[in-house]
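Below is one structure; the comments refer to it alone.
Each chain gets a letter, A, B and so on, in the order the sequences are listed, and its residues count up from 1.
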There are 2 protein chains.
Amino acid sequence: MTKGENMTTDRLNILKKFFKKNRRLPSYSEMLKLFGFSSKNAVFKLINKWVEANFLKKENGKLAPTSKFFALPILGNIKAGFPILAEENKNYLTLDEYLIEDPQSSFLLKVSGDSMIGIGIFEGDIVIIEKKKEAFTGDIVLAQIDNEWTLKIFKKDRLKKIIFLEAANPRYPPFYPQNELQIYGVVRAVIRKIN
Amino acid sequence: MTKGENMTTDRLNILKKFFKKNRRLPSYSEMLKLFGFSSKNAVFKLINKWVEANFLKKENGKLAPTSKFFALPILGNIKAGFPILAEENKNYLTLDEYLIEDPQSSFLLKVSGDSMIGIGIFEGDIVIIEKKKEAFTGDIVLAQIDNEWTLKIFKKDRLKKIIFLEAANPRYPPFYPQNELQIYGVVRAVIRKIN
DNA sequence: CTTGACAGTGAACAAATGTTTACTATATAA
DNA sequence: TTATATAGTAAACATTTGTTCACTGTCAAG
C-alpha cells in the first residue's frame with residue numbers, strides 16, 4: 001500500500017466517522033475543513049475516486065454512500081486455512097440491511113424466560129419479529145397463550161391436522177390450543193450482545 | 001389518530017423508504033414529487049414538523065435523520081402484561097448503533113463447528129468481533145491454536161496464574177497453550193438469521 | 001355564522017452547492 | 001534528463017438549495 005492510498009483510506013475513515021455521527025454526508029465545503037484542503041477541487045477529485053471505488057455514488061447529481069461504505073468485512077469460516085485475516089477474499093455485510101428486510105413490519109423484543117434455550121435463544125437476547133398472523137411448521141412464533149405472551153415453536157401435524165406450540169426446553173410441555181390461536185409474528189433473527 | 005396524522009406518518013414512511021434505498025435524504029425538490037406537493041413550502045412545513053417530532057434534525061442548515069428515524073420499536077419483556085403491543089412505553093433501537101461501537105476495529109465472522117453450542121453460538125451464526133490482543137476471563141475469544149482458528153472461552157486461573165481456553169461443548173477438552181497464545185479479538189455480539 | 005387553525009399554492013431570493021477550467025508543485029518512471 | 005501522472009490551489013459560475021412572504025381553500029369548534 002502506497003503513501004497516497006493510506007492518505008485516502010484515512011480520509012475515508014474520517015468520512016465514515018462523520019456519517020456515523022451525523023447520519024449524512026458532509027457538503028464539499030464541510031469536507032474542506034474535514035480533510036484539511038483549501039480547494040474544493042481537491043474534494044471533488046477525492047470524491048470521484050471514492051465513487052469509482054464504489055464507496056460512494058452519484059445519482060441525480062446527489063452524492064450518497066453505497067452499501068460498501070457501511071459494510072463490515074465478513075471473514076470466512078473459522079476453520080478455514082491460515083490467512084482468514086488477509087485482505088483478500090473479503091466479503092461485506094451491513095447489519096441493518098442483512099437483518100431487517102421490512103422495517104415497517106418489524107419490531108424487536110427482549111426475551112425473558114428460558115423456554116427457548118434449546119435453540120439458543122436466551123434471557124436478555126433480542127429477537128427481530130416480523131408481524132404476521134400465519135406461520136409454517138418450525139417457525140418460532142410470538143403467540144398469546146392464556147393472556148400471556150410467549151415465544152414457541154409452531155408445529156402443524158399434517159395427518160392429524162392439529163396445530164400446537166412447542167417450547168425448546170424439555171421442562172415445558174407442548175401447548176395445544178383449545179380454540180383459535182393468536183399469532184402475532186415470527187422470529188426472523190436473534191441478536192445477543194455480549195458485555 | 002386523525003386523518004392528518006395518518007397522512008404525515010404515510011409520508012414519513014415514504015421518506016424512510018427513500019433513505020433505505022438511497023442512503024440519503026431527498027432534497028426538497030425531490031420531496032415535491034415524492035409527496036405529491038406542488039409547492040416547496042409544503043415540504044418546508046412538513047420537514048419542520050418532523051424536526052420538532054425528532055425524526056429529523058437540522059444542523060449547519062443541513063438536514064439529517066435522527067436515531068429515532070431509523071430505530072425499530074423495542075417491546076418489553078415477553079412475559080410482561082397484556083399490552084406489550086401498545087403504542088405506549090415504546091423504546092427504540094438502531095441495530096448498527098447498538099451492535100457496533102467501533103466499526104474500524106470490528107469485523108464479522110461466520111461460525112462453523114459446534115464448539116460453542118453450550119452458550120448458544122451455532123454453526124452459521126455470525127459473530128461480531130472486536131480486534132484486540134488481550135482478554136478477560138469469560139470472554140469469548142478468536143484465537144489461533146495449532147495453525148487453526150477457533151472461538152473459545154478465555155479463562156485465567158488467578159491462583160495458578162494459568163491461561164487456558166475452554167470450549168462450550170463437553171465433547172471438546174480445554175486447551176492449555178504451551179508457549180504464548182495468539183488472541184485476535186473478542187466476540188461482542190452474536191447474530192443469527194432465521195430462514 | 002364566524003373564527004382560527006391547518007394544509008397547501010406560488011413566487012421570489014440570498015446563499016450554498018457541485019462542477020469546470022487553468023495552473024503549480026512534487027514525485028515516479030522511462 | 002525528460003516526460004508524465006498525481007495531489008493540490010485558486011477563481012469563476014450556473015444551478016440548486018432551503019427559506020421567507022403573501023395568499024387560498026377547508027374543516028372543526030365556539
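With respect to B/Arg171 and B/Asp114, a salt bridge is recorded, a charged nitrogen being found less than 4.0 Å from a carboxylate O.
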What string of B, S and - do you get for nucleotides 12-24 of chain D, 5' to 3', if B is base contact, S is sugar-phosphate-only contact and - is no contact with any protein heavy atom under 4.0 Å?
-----BBBBB---
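Residue B/Lys49 has a polar side-chain atom (N or O) positioned under 4.0 Å from OP1 or OP2 of C/dA7. Between A/Arg11 and D/dG8 there is a side-chain N or O to OP1 or OP2 distance below 4.0 Å.
The ring pair (Phe, Tyr, Trp, His ring centres under 6.0 Å) pairs that include a residue from residues 33-63 of chain A are A/Phe35-A/Trp50, where partners are two or more places apart or lie in different chains. Among residues at least two apart or in separate chains, side-chain hydrogen bond (donor to acceptor under 3.5 Å, both in side chains) pairs with a member in residues 56-71 of chain B are A/Asn22-B/Glu59, B/Asn48-B/Lys58.
Cluster membership for B/Phe122 and B/Val111, using ILVMFWY side-chain heavy atoms within less than 4.5 angstrom, is not shared. Following chains of ILVMFWY side-chain contacts shorter than 4.5 Å, one can reach A/Trp149 starting from A/Val187, so the two form part of one hydrophobic cluster.
Using a 4.5 Å heavy-atom cutoff, the side chains of A/Ile14 and A/Asp10 are not in contact.
Rounded to 10 degrees, the angle between the two end axes of the helix from C/dC1-D/dG30 to C/dA30-D/dT1 is 30°, with five pairs used at each end.
In this structure, the NZ atom of A/Lys57 is 17 Å from the P atom of C/dG18, given to the nearest Å. A/Leu46 places its CG atom 16 Å from the C1' atom of C/dT19, with the value rounded to the nearest Å. Between A/Glu52 atom CD and D/dT6 atom P there is a gap of 11 Å when expressed in whole angstrom units. Regarding A/Leu32, its CG atom lies at a distance of 14 Å from the P atom of C/dT19, rounded to whole Å.
Grouped by direct or indirect side-chain proximity (heavy atoms under 4.5 Å, Ile/Leu/Val/Met/Phe/Trp/Tyr only), B/Leu165 sits with B/Val141, B/Ile145, B/Phe154, B/Ile163, B/Phe175, B/Leu181, B/Ile183, B/Val186.
Of the residues in residues 14-24 of chain A, none lies under 4.0 Å from DNA chain D by heavy-atom distance.
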Where do B/Leu25 and B/Leu56 land on the side chain to side chain contact (heavy atoms under 4.5 Å, CB included) test, with the steps shown first?
CA-CA 10 Å; B/Leu25 288 178; B/Leu56 302 173; 4.1 Å; yes
Please test A/Tyr98 against B/Ile126 for side chain to side chain contact (heavy atoms under 4.5 Å, CB included), starting from the C-alpha separation and ending with a verdict.
CA-CA 11 Å; A/Tyr98 176 64; B/Ile126 287 176; 3.9 Å; yes
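Relative to the ring axis of A/Tyr184, A/Lys133 places its NZ or CZ within 45° and under 6.0 Å from the centre.
Counting non-hydrogen atoms of neighbouring residues, nucleotides and ligands closer than 6.0 angstrom, the CD atom of A/Gln104 exceeds 12 such neighbours.
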